[in-house]
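Just so we're clear, the structure is a prediction, and the values are computed from it rather than from any experiment. Chain naming here is simple, since letters A, B, ... match the order of the sequence lines and numbering starts at 1 in each.
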Amino acid sequence: MTEIVRVDGVTKRYGAVRAVDDVSLSLEEHRVYGLLGRNGAGKTTLMSLLTGQDFASEGRIEVFGATPVEHAGVLQQLCFIRESQRYPDDFKPKHVFRSAPWFFPNWDAAFAERLVGEFRLPLNRPIKKLSRGQLSAVGVIVGLASRAPLTFFDEPYLGLDAAARQLFYDRLLADIAERPRTIVLSTHLIDEVSDLLEHVLVIDQGRLVVDSDAEALRGSAANVVGPREAVEAFVAGREVLHRDGVGGLASVTVARLAPQEREAAKAAGLELGPVSLQQLVVRITGQDAEAGR
Amino acid sequence: MSANRIGAAFKLHFANPMTVVTLPLMIFAFIFAVNWIIWLIVNLAASEEGTEGMTSGTSWSGASMFIFVWLLVLAVQAMNRTFHFALGFGTTRRDYFLGTVAALLALCAGWAVVFGILAGLEELTGGWGLGGHMFAVQYFGSDGPFVRVWYVFLVMLFFAALGLIAGALFVRWRQLGLIGFFAAFALVLVAAFGTIALTDSWERVGRFFAGLGFAGTYPLLLVPVAIAGGLGYLALRRATARS
C-alpha cells in the first residue's frame, strides 16, 4: 500500500479553540476512509488543512509527497467540496459543471451529465434557490465526476432523500471499482455509510480518538448482556464504553474482546451482541456527556 | 504557476457571461438610448441657440461614467464571488489572483475599445445626428481615437484596481478589511491635502499636472494600480475558505 497522506502532530487553533488538536495519521492509496465525529468535532477543519484551504498552526502535512498549501501539482489531484461550499452568487448548476473541467484534469462530462439526470438536479435554477438536498447533489456530482485521486465528501448525505443516498452509494462503489482512488467520507450519519468504509477515523473535540480498520473495529467491540452481577464481574478491568440496564439485567458495551474472552463470556452464561459502527462511535464520542462533564 | 491554471481562474469570471458582459452592455445601451431621446427632445423643443448650448454642454457629459462605476463594483465583487469556489476547485491563491487580474485587464481593455469605437462613431456622425456627446467627452482629451482608448483604459484600470484591493481585503478580513482600507485611504487623502495646503503648494501642484498634460497625467494612475495589485495579493495569500 502506498501512503499518500501523512499528517504529523497537526494542530489548528482559532483563538483559544483547538479545532484540530495534535492529530497524526496517514492515508493509503485506493481505500475508503470514514472521517466520523459529532458536529463541530473538527472534521471539516481537518479536511481544509489537508486540501491547503486553511493553514495549520502546528505540525506537518504531506499530501502526495508535498505540503498541499499553494502547491498546484498537489491541489490538482484533490477534490473537496465542503458541506457549506460557497458558490458564486450568480451561478446555476450548469455553470459549476461548465467550469469543472478547467480545474479537474480527469473530469468526465458524460458521467456528470448522467448523474445530473439520475439525481434530478435542475441545471438552470440559481444555486441559491436549490434545496439542501439539491445542493448536496451538486457537491456529490462534482466529487464523483472529477475523479480526483484523493476525493473528500463532506456530509454528502445532507438533505438527500433515501433514493438519492442509495444512488450515491451505488455510483461511488461502481466507479471506484473501475477507477480506484482514495475517498474520505465525512459524515455523522454513520449507519448509512458503514458498509462502504474500509477504514475509520473518529475525531472528537479536535482529537483523533479512533484510527482503525473498519472490520477490526466492528469485530472487536461487543455488548455484554446478562444478570447485572455476572456482567459487572466479567467487564471489571476492561475498557467500558457504555452501561445500560433494567432491574437485575445489565448491558455493557466493551471496546475490545478477544476470541478466548468471548468464549469465557459465553461460558459464564452471558450473551454477546454486535455493536454497530454508529453505536460504537456514539459511545466513544458521547462519553464526556455521560460522565457528567 | 501555469498558463493553464491561470486561464482556468480567468475563465471562471466569465463562466456566467450574463453578470460580466451581457447585463452591463444592456444597461449601457439603455443609458445611451435615454440620452439620445433627451437630445432629440431638446433638439425639437429648443431654438437653434439652445441646441448649440446643448452641444457644448454635453461635451462634459458624465453619462458614460456608469461603466466606470460598474467596473468598480464588479471588481469589488469579483473575488468575493469566486474565491471560495476556486479554492474548492483546487486552485492556488497565486494562480487565482493572476487569473483574476487577467480577467479584469481583459474587461478594462474590452470596454476601452468599445468606448473608443463609440467615441469615433460619435464624432463621425456629428453627435449621433443630434450634436450630443457621451463618449467623445472633454475628460479624455482630443488627441484622436487611439490616445482616447489608452486614457479610458487607464481610468478603467484605476477603478478595477481599487475594486480588486477592496475585494481582496474583504475576502481576507470581511467588513473589518474594508473599513480598515477606507479609513487608511481617507487618512492618506487628508495627509496629502494637508501637506499641500499647509505648504501653500496648490499652485505648484496645479502647474505640475498642467505641465504633464493628459498624456503625462493619466499614466500616473498606474502607480496606485500597481500598489493596489501588490497589496491585494498580499492580503489574498493567507485568505482561507473560512474567512
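There is no contact between A:Ser48 and chain B, counting heavy-atom distances below 4.5 Å. Only the backbone of A:Phe80 has a heavy atom closer than 4.5 Å to any heavy atom of chain B.
The number of heavy atoms from other shown groups lying within 6.0 Å of CZ (A:Arg6) is above 12. Surrounding CZ of B:Phe14 are more than 12 heavy atoms belonging to other residues, nucleotides or ligands, all under 6.0 Å away. Annotation for A:Glu113: atom CD does not count as buried by contact number, only 12 or fewer foreign heavy atoms lying within 6.0 Å. Shown here is A:Arg60, whose CZ atom has no more than 12 heavy atoms of other residues, nucleotides or ligands within 6.0 Å. In this structure, B:Trp70 places its CH2 atom where more than 12 heavy-atom neighbours from other residues, nucleotides or ligands lie under 6.0 Å away. Counted within 6.0 Å of CZ on B:Phe30, heavy atoms from surrounding residues, nucleotides or ligands total 12 or fewer; the atom is thus considered open. Around the OH atom of A:Tyr14, the shell of radius 6.0 Å holds more than 12 heavy atoms that belong to other residues, nucleotides or ligands.
Taking the six-membered ring where the residue is Trp, B:Phe85 and A:Phe91 present perpendicular rings, their angle passing 60° and hence far from 30°.
Heavy-atom minimum distance, A:Pro88 versus B:Thr82: CG-CG2, 4.1 Å. Taking every heavy atom of both residues into account, B:Phe89 and A:Ala100 meet most closely at CE2-CA, 3.5 Å. Of all heavy-atom pairs spanning A:Gln85 and B:His84, the tightest one is NE2-O, 3.2 Å. The minimum heavy-atom distance linking B:Gly88 with A:Gln53 is given by the pair CA-NE2, 3.5 Å. Closest non-hydrogen pair, A:Asp54 versus B:Arg93, comes out as N-NH2, 4.3 Å. In terms of heavy-atom proximity, A:Leu75 sits nearest to B:Thr91 at CD1-O, 3.7 Å.
Here A:Arg86 contributes atom CZ and B:Asn80 contributes atom CG; the two are 5.0 Å apart, rounded to the nearest 0.5 Å. How far OG1 of B:Thr240 is from NZ of A:Lys12: 7.0 Å, rounded to the nearest 0.5 Å.
Residues A:Val69 and B:Arg238 have side chains not in contact (no heavy-atom distance under 4.5 Å, counting atoms from C-beta outward).
Considering only heavy-atom pairs separated by less than 4.5 Å from chain B, the leading option among A:Val96, A:Val142, A:Thr51 is A:Val96.
Panel note: side chain B:Arg81, backbone A:Asp90; no donor-acceptor pair is recorded below 3.5 Å.
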